[in-house]
2 protein chains.
Amino acid sequence: MNYSVSEENYIKSIFHLQKKEGTVTTNELAAELKTRPASVTDMMKKLKTKKLLHYQPYKGFRLTADGTRVALGIIRRHRLWEFFLAEKLKFTWDEVHEVAEELEHVSNKKLIDKLDAYLGFPKNDPHGDPIPDANGKIDPGKKIRLPDVPLQTLCTVAGVRNQSAELLELLENKKIKIGTRIEVRKKFEFDQSMEIKTGKQSINTISHQLAENILITYDAG
Amino acid sequence: MNYSVSEENYIKSIFHLQKKEGTVTTNELAAELKTRPASVTDMMKKLKTKKLLHYQPYKGFRLTADGTRVALGIIRRHRLWEFFLAEKLKFTWDEVHEVAEELEHVSNKKLIDKLDAYLGFPKNDPHGDPIPDANGKIDPGKKIRLPDVPLQTLCTVAGVRNQSAELLELLENKKIKIGTRIEVRKKFEFDQSMEIKTGKQSINTISHQLAENILITYDAG
DNA sequence: CGAATGATTTAGATTTGGCTAAATAATTTT
DNA sequence: AAAATTATTTAGCCAAATCTAAATCATTCG
Ligand SMILES: [Mn+2]
Ligand SMILES: [Mn+2]
Ligand SMILES: [Mn+2]
Ligand SMILES: [Mn+2]
């Protein structure tokens, strides 16, 4: 039940990559981790024997339920430290990630749970991303940024991250408001723009900047 | 200028061990780190090529000035985290060491200096040990526990760690009071008792419990 | 002094995580 | 449906940090 820094970095990357496509390829993961495809294959075999990964040679991979639980633990640590760094140590939001990248690997449960309590059980890190609780659950009513929603998942607009007139104008034009039902159909690698379906039928393309400012909740159930 | 977790653990252990005897032996260090003498020899060669160590085969080793600087950086990180864990996260003093043992290896200077500031530049960790400042200096007027003083180093009694009648009675009997000049002559492994010279000539043996409660400062210069 | 003893180093293996180059599988073109 | 291209895995190395067993150095004692 204890994983090396290297294993943890692989697990976390797989978790993030599979949000986009459901399955992760060797080359994608190698690029993300700045390593070589052959090294990825080696680690995949290892994580498979540890039952953290569904993996068939040549077919890509996905985390198992166990793997997902481990990933959420790492993400919890990462985001709690980011919150601490920004809130208490006065790092700016763009500096916290690099430091949290190291702190996340100190995996003492009592430390993290006490840190969580000390920080007042924050719901989101300084980038707006949700912080899993001690059981690895993300509050079901929790607001998530639209780019973090998996494809083909129906959800509901719950808020925006800033109140500028420019943003509100754009939202009005796209007919997106609190309560709008929304589903991401496709994400374009090139500029992170995405095709969404809102309401009953209308299909629309929105920029990454816009998507980042839309918060949603998953639908009940 | 960046060292592995393993290198750091070796460096820190050498620093602590050489306080007692000035020089450290292979077997001592192997016992301390729960590893084998052969592994120690390998690492000593490596630290020597990095100029952190004075080392002649069969002759034991000592940190160089560079090695000492590195050691003080690790000790600074360790003790600041211990202070944080006790003061902010409400760990008890006997729980902090184990967690700090991991956190000390996250060596981001900005992180540590901001943590120091956030904590209000504490002078001592929860065990009473002094915390080196950002330059690796221990406040020259800082109070150190007598067991942490190297052998044959003249220093001055500056305080005690508790005010119980029992302690004061013993101190009076041994003729130790604030301002007494004191020098540790010998430490006995068996019970950590030590032979000290106080004032002009009197040689005396004191227990570890007593020594731990005597705080000293180094003499000027 | 010269053996015996104990401490230390050397030699040779092992594990983990990484790399390059070559082989093989899958997909896309023609 | 081949051929060409791209993706992935295999094979063979390497470096760091460990270990065990054997060799060597240093010290002590008869
Ligand atoms: Mn990381
Ligand atoms: Mn973040
Ligand atoms: Mn450590
Ligand atoms: Mn301490």
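A, B, ... follow the sequence lines: proteins, then strands. Residue 1 opens every chain. What you see below is based on every heavy atom in this structure, not just the backbone, and it leaves out hydrogens, waters and symmetry mates. As the structure is a prediction and not an experimental result, all values here were calculated from the model.
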Just N and O in the side chain of B:Tyr55: are any of them under 4.0 Å from OP1 or OP2 of C:dT8? no
Calculate the interatomic distance between A:Glu7 atom CD and C:dT15 atom P; express it in whole Å. 15 Å
Between atom CG in A:Leu29 and atom P in D:dT9, what is the gap in whole Å? 11 Å
Length of the CD-P vector between A:Gln56 and D:dT9, whole Å: 11 Å
With the criterion being N/O to N/O and under 3.5 Å, what pairs connect the protein with nucleotides 24-29 of chain D, and how long is each?
from, atom 1, to, atom 2, distance (Å)
D:dC25, O4', B:Tyr58, OH, 3.4

Parallel, tilted or perpendicular: ring planes of A:His127 versus A:His97, cut at 30 and 60 degrees: perpendicular
So, B:Lys12 and B:Glu7, do they make that salt bridge, N to O below 4.0 Å? no
Decide yes or no on side chain to side chain donor-acceptor pair (under 3.5 Å) for B:His208 and B:Gln192, but give the supporting numbers first. CA-CA 5 Å; B:His208 185 60; B:Gln192 312 288 342; 4.9 Å; no
Taken to the nearest whole Å, CZ/A:Phe61 to P/D:dT9 is 7 Å
Quiz item: cation-pi between B:Lys114 and A:Phe91, 6.0 Å / 45°: yes
How many Å lie between CE on A:Met44 and P on D:dA7, as a whole number? 18 Å
Check the distance between D:dC19's P and B:Met43's CE and give it to me in whole angstrom. 11 Å
Is it true that A:Arg181 and A:Glu183 make a salt bridge, defined as a side-chain N closer than 4.0 Å to a carboxylate O? no
Please determine if a side-chain N or O atom of B:Ser6 lies less than 4.0 Å away from the OP1 or OP2 oxygen of D:dT18. yes
Ring centres under 6.0 angstrom apart (A:Phe84, B:Phe84): yes
Sugar-phosphate, base or nothing in reach of A:Tyr10, heavy atoms under 4.0 Å: sugar-phosphate
With a cut-off of under 6.0 Å to the ring centre and 45° to the axis, is A:Lys88 in cation-pi contact with A:Tyr118? yes
Just N and O in the side chain of A:Thr26: are any of them under 4.0 Å from OP1 or OP2 of D:dT9? yes
Any ion pair linking A:Arg69 and A:Asp66 (charged N to carboxylate O, less than 4.0 Å)? yes
What residues 31-42 of chain A contributes to the DNA chain C interface at heavy-atom separation below 4.0 Å is A:Thr35, A:Arg36, A:Ala38, A:Ser39, A:Asp42
Please state whether the phosphate of C:dT8, meaning OP1 or OP2, lies under 4.0 angstrom from any side-chain nitrogen or oxygen of B:Asn27. yes
Protein-nucleotide distance (A:Leu47, atom CG; C:dT16, atom P), rounded to Å: 13 Å
At less than 4.0 Å, is any side-chain N or O atom of B:Lys45 found next to OP1 or OP2 of C:dT10? Yes or no. yes
Can you tell which of A:Asp113, A:Asp133, A:Asn135 makes a side-chain hydrogen bond (donor to acceptor under 3.5 Å, both in side chains) with A:Arg76? A:Asp113
